[in-house]
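Note sheet for the following structure.
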Amino acid sequence: MKQTIWNDIKYRIIGSQNSLIHIIAINVVAFIFMAVPIGLGFLFTTDGGSNYPLMFFRNWMYLPGVFGDFITRPWTLVSHFFLHSFSIYHIFFNMLVLWVFGRIYHNLMGNARTVQLYVLAGLAGGIAFLVASPILPTMSARLPLVGASGAVMGFVVAATTLNPLYSIRLMFFGNVKLWMIAGVMVFMDIIFIAGNTGGRIAHLAGGFTGYLFVSQLRSGRDLGAWVSQALLFIQNFFKPKPKSNFKVHSNPRSGKSTKTGKSSFSNVVSQEEIDAILDKIAKSGYDSLSKREKDVLFKASDKN
């Protein structure tokens with residue numbers, strides 16, 4: 001039974017080619033990795049302030065609100081949007097929204113663009129938090145920032161920018177357009193900004209990044225190319241060098257060497273055609289696409 005469950009996990013998550021599933025899985029695993037020692041700390045201590053696991057994560061993995069502290073732990077600019085507070089509600093709501101809006105975005109933009117947006121929106125939220133901390137009086141408590149909310153808001157706004165007329169069925173409300181849901185979420189961040197200033201600013205910065213990323217792609221500018229290049233560099237750094245599939249054979253008659261090997265070719269879809277399809281989705285919705293346009297978009301997303 002255990003082996004069957006593990007095989008199912010490997011097939012559906014580890015073996016999945018969907019980068020959105022990988023991002024959610026990383027967040028869940030990181031939460032468990034953090035929550036277990038913190039939970040044990042609360043269980044075996046009478047004073048929550050002496051919970052050393054909690055203090056460790058707050059001090060070394062959350063994004064500090066003081067720039068001087070951030071300089072001594074710069075990795076927190078990334079680690080904070082893969083972690084969550086010690087709350088099931090926090091991670092559940094974030095991952096639910098990420099799944100709902102992330103699927104819409106991923107189906108249109110593919111794996112590479114999904115990873116790029118998550119990193120860009122998460123970084124933007126963290127940077128906005130750091131910049132606003134010494135300026136806004138409501139952030140004087142210097143509380144650290146943690147959670148994927150900024151990155152998630154990037155997907156909310158990006159998916160809405162791509163297809164604002166797409167409908168989601170909500171309990172008690174029926175079918176609701178994306179632009180309405182996104183508008184309500186942004187509006188709530190604005191009017192309730194005093195209650196959680198740092199977090200709300202991160203949300204708004206992440207949402208703006210989602211809009212900027214999509215709009216710049218339509219203009220032919222890829223703001224996330226460096227993210228893919230950085231991840232490729234890291235992957236190649238830790239990846240063992242593969243052996244070449246090509247073999248060199250000597251031609252005794254000509255005295256020249258020839259190379260043989262496996263090669264695959266696929267039809268290339270122009271960026272202009274993809275941009276035109278995305279513009280059509282923004283104006284008339286995904287259902288307005290012809291079968292050929294849907295096939296082109298699917299193939300382009302699959303390559304990414």
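Bear in mind that the values here come from a model prediction, so they are computed numbers and not experimental data.
Screening Val156, Thr160, Ile181, Leu204 against Val186 for a side chain to side chain contact (heavy atoms under 4.5 Å, CB included) leaves a single residue, Leu204. Remark: of the listed residues Leu145, Asp189, Ile193, Val131, Ile193 is the sole one forming a side chain to side chain contact (heavy atoms under 4.5 Å, CB included) with Ile201.
Across all their heavy atoms, Gly122 and His80 have their closest contact at O-CE1, 3.7 Å. In plain terms, the two heavy atoms of Gly65 and Ser133 that are nearest each other are O-CB, 3.1 Å. Heavy atoms only, all atoms of each residue included: Gly210 and Leu117 are closest at CA-CD1, 3.8 Å. The shortest heavy-atom contact between Ala121 and Gly150 is CB-O, 3.8 Å. Of all heavy-atom pairs between Val115 and Ser19, the closest is CG2-CB, 3.7 Å. Leu130 approaches Pro134 most closely through the heavy-atom pair O-CD, 3.2 Å.
By the 4.5 Å heavy-atom criterion applied to side chains, Leu212 and Leu223 are counted as neighbours. Residues Gln116 and Trp226 form no side-chain contact, since every pair of their non-hydrogen atoms from C-beta on lies 4.5 Å or further apart. Leu278 is listed as a side-chain neighbour of Met109, based on a closest heavy-atom distance under 4.5 Å. Side-chain contact between Ile38 and Pro53 is present, with at least one heavy-atom pair separated by less than 4.5 Å. At a threshold of 4.5 Å between non-hydrogen side-chain atoms, the residues Met34 and Ile91 do not count as touching.
In this structure a side-chain-to-backbone donor-acceptor pair under 3.5 Å is missing from Thr114 to Leu20.
Considering CZ of Arg58 and OG of Ser85, their distance stands at 10.0 Å, rounded to 0.5 Å. Between the CZ atom in Phe56 and the OH atom in Tyr62 there is a gap of 11.0 Å [rounded to 0.5 Å]. One distance of note links CG of Leu83 with NE2 of His90; it measures 10.5 Å at 0.5 Å rounding. Atom CD1 of Ile23 and atom NE2 of His106 lie 8.5 Å apart (nearest 0.5 Å). Separation of atoms CE (Met153) and CZ (Phe208) is listed at 13.0 Å; rounding is to 0.5 Å. Note that the CZ atom of Phe81 and the OG1 atom of Thr76 stand 10.5 Å from one another [nearest 0.5 Å].
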*asked:* With side-chain contact (heavy atoms from CB on, under 4.5 Å) as the criterion, how do Asp222 and Phe213 come out once you've worked through the C-alpha distance, each side chain's angles and the decisive distance to 0.1 Å?
replied: CA-CA 8 Å; Asp222 186 358; Phe213 182 59; 4.0 Å; yes
*Please walk me through it: do Val146 and Leu63 pass side-chain contact (heavy atoms from CB on, under 4.5 Å)?*
CA-CA 6 Å; Val146 64; Leu63 181 63; over 6 Å; no
*Give the intermediate values and the outcome of side-chain contact (heavy atoms from CB on, under 4.5 Å) for residues Phe33 and Phe57.*
CA-CA 11 Å; Phe33 177 79; Phe57 282 103; 4.1 Å; yes
*asked:* Between Asn111 and His22, is the side-chain contact (heavy atoms from CB on, under 4.5 Å) condition met? List the steps.
replied: CA-CA 10 Å; Asn111 282 324; His22 294 162; over 6 Å; no
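Each of Val29 and Ile21 belongs to its own hydrophobic cluster when Ile, Leu, Val, Met, Phe, Trp and Tyr are linked at side-chain heavy-atom distances under 4.5 angstrom. Linking ILVMFWY residues whenever their side-chain heavy atoms come closer than 4.5 Å, directly or via other members, leaves Val119 and Leu232 in distinct clusters.
Between Phe155 and Tyr105, the ring center distance clears the sub-6.0 Å criterion. Ring-centre distance between Phe101 and Tyr166: not below the 6.0 Å cut-off. Within the 6.0 Å centre-distance limit, the rings of Phe67 and Phe70 are counted as a close aromatic pair.
Counting side-chain heavy-atom gaps under 4.5 Å among Ile, Leu, Val, Met, Phe, Trp and Tyr, the cluster of Phe187 also holds Val184, Met188, Ile191, Phe192.
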